[in-house]
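Note that ligands are numbered from 1 as they come in the structure, with each ligand's atoms numbered from 1 the same way.
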Amino acid sequence: VTYPGVGTSPLLPTETLTGKPLQNGRLGPCDLTPVYLPGSGTGSLHPYTKRAWDALCVMAVADLKVTLTATDLAAAYRSFAQQETLFRSRYQTVYNPLTCLTTYKVWNGVKWYQRRGTAIAAVPGTSNHGFGIAVDTAVWLNGRIVSVASQSLVFNWLLREAASFGFSWELNSEPWHIRHMVGNDVTQRVKDVEAYLAAVNG
Ligand SMILES: [Zn+2]
């Protein structure tokens with residue numbers, strides 16, 4: 001199975017309060033909106049992604065009675081420092097065949113070998129989490145954060161519905177990782193959900 005969007009790149013949001021291009025992992029408070037992530041606390045996302053994520057969460061409740069969340073606090077916007085910590089926990093510069101895979105990434109001209117038993121991580125400064133447009137999606141179920149990939153009903157719903165909110169997948173190896181593809185655009189689906197909420201809540 002290839003998930004929708006694998007092999008394509010997202011449009012980055014260009015509209016910032018400062019008018020300057022977004023710097024990966026170094027977004028200012030004006031380029032981030034707080035997002036409540038059940039089980040973890042308050043993370044943040046780029047405002048356009050936040051709108052799409054909120055609408056997606058509303059429809060997950062409406063369609064499935066399921067609460068979506070992120071796998072942890074750094075699974076929405078992730079600062080450069082957080083990405084660096086994650087990267088260093090999964091990759092090392094000295095190749096050891098017992099503990100490393102042969103796959104490596106190049107960071108600042110140096111090869112970093114992935115440790116066995118870890119998921120891949122982007123080189124610091126290159127993750128879509130650093131633009132606040134990616135969410136490692138999970139399900140908040142009976143007071144626990146549960147992998148979205150383990151919930152086939154939810155995951156199949158996400159596969160069908162995510163695109164209409166502007167989300168798609170980056171890698172087949174990361175079913176939990178969705179990113180907002182449409183930059184400053186707000187999809188009709190998101191507008192419809194917002195209009196419905198405004199009507200219901202007066
Ligand atoms: Zn991710």
Side-chain angles (χ1 to χ4, degrees), residues 1-13 22-27 31-54 56-57 60 66-91 101 103-105 107 112 114-140 144-151 154-155 157-159 161-163 165-183:
V1 186
T2 298
Y3 302 136
V6 170
T8 60
S9 296
L11 271 177
L12 292 180
L22 297 177
Q23 271 197 294
N24 193 300
R26 306 186 195 284
L27 269 53
D31 298 318
L32 290 170
T33 305
V35 56
Y36 177 60
L37 302 169
S40 290
T42 303
S44 45
L45 285 170
H46 188 276
Y48 287 96
T49 301
K50 166 70 163 53
R51 279 177 71 177
W53 172 256
D54 280 351
L56 183 75
C57 291
V66 157
T67 301
L68 296 179
T69 187
T71 54
D72 58 76
L73 261 196
Y77 171 67
R78 192 181 294 151
S79 70
F80 189 98
Q82 288 172 316
Q83 185 70 34
E84 180 170 351
T85 300
L86 183 74
F87 185 80
R88 287 179 181 276
S89 75
R90 295 182 182 174
Y91 292 78
L101 303 169
T103 49
Y104 63 85
K105 296 206 168 183
W107 180 29
W112 289 73
Q114 188 181 347
R115 296 195 176 113
R116 292 179 189 275
T118 64
I120 70 160
V123 168
T126 67
S127 170
N128 282 318
H129 289 286
F131 292 119
I133 65 168
V135 182
D136 293 332
T137 309
V139 178
W140 178 238
R144 289 195 309 134
I145 296 173
V146 176
S147 163
V148 73
S150 74
Q151 305 291 309
V154 182
F155 192 62
W157 178 86
L158 201 59
L159 284 174
E161 304 290 332
F165 297 87
F167 288 105
S168 78
W169 279 260
E170 189 153 358
L171 294 165
N172 264 328
S173 59
E174 297 199 325
W176 56 84
H177 176 98
I178 59 172
R179 66 265 159 84
H180 190 237
M181 298 295 287
V182 295

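- Among the atoms of Asp136, an N, O or S atom falls under 2.8 Å from the Zn ion (ligand 1).
- Nearest N/O/S atom of His129 relative to the Zn ion (ligand 1): this is NE2.
- Ala75 approaches Ala70 most closely through the heavy-atom pair CB-CB, 3.8 Å.
- Nearest heavy atom pair, residue Glu174 against residue Ala119, reads OE2-CB, 4.4 Å.
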Let me have the donor-acceptor pairs involving side chains of residues 121-130, under 3.5 Å, with sequence neighbours excluded, atom names and distances please.
{"unit_1": "Thr126", "atom_1": "OG1", "unit_2": "Val123", "atom_2": "N", "d": "3.3"}
{"unit_1": "Thr126", "atom_1": "OG1", "unit_2": "Val123", "atom_2": "O", "d": "2.6"}
{"unit_1": "Ser127", "atom_1": "OG", "unit_2": "His129", "atom_2": "N", "d": "2.9"}
{"unit_1": "Asn128", "atom_1": "ND2", "unit_2": "Glu170", "atom_2": "OE1", "d": "3.0"}
{"unit_1": "Asn128", "atom_1": "ND2", "unit_2": "Glu170", "atom_2": "OE2", "d": "3.3"}
{"unit_1": "His129", "atom_1": "ND1", "unit_2": "Ala76", "atom_2": "O", "d": "2.8"}
{"unit_1": "His129", "atom_1": "ND1", "unit_2": "Ala134", "atom_2": "O", "d": "3.4"}
{"unit_1": "His129", "atom_1": "NE2", "unit_2": "Asp136", "atom_2": "OD1", "d": "3.2"}
{"unit_1": "His129", "atom_1": "NE2", "unit_2": "Asp136", "atom_2": "OD2", "d": "3.3"}
{"unit_1": "His129", "atom_1": "NE2", "unit_2": "His177", "atom_2": "ND1", "d": "3.2"}

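- When the N, O or S atoms of His177 are ranked by distance to the Zn ion (ligand 1), ND1 comes first.
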Tell me which donor-acceptor pairs under 3.5 Å the side chains of residues 35-42 have, and how far apart each pair is, sequence neighbours excluded?
none

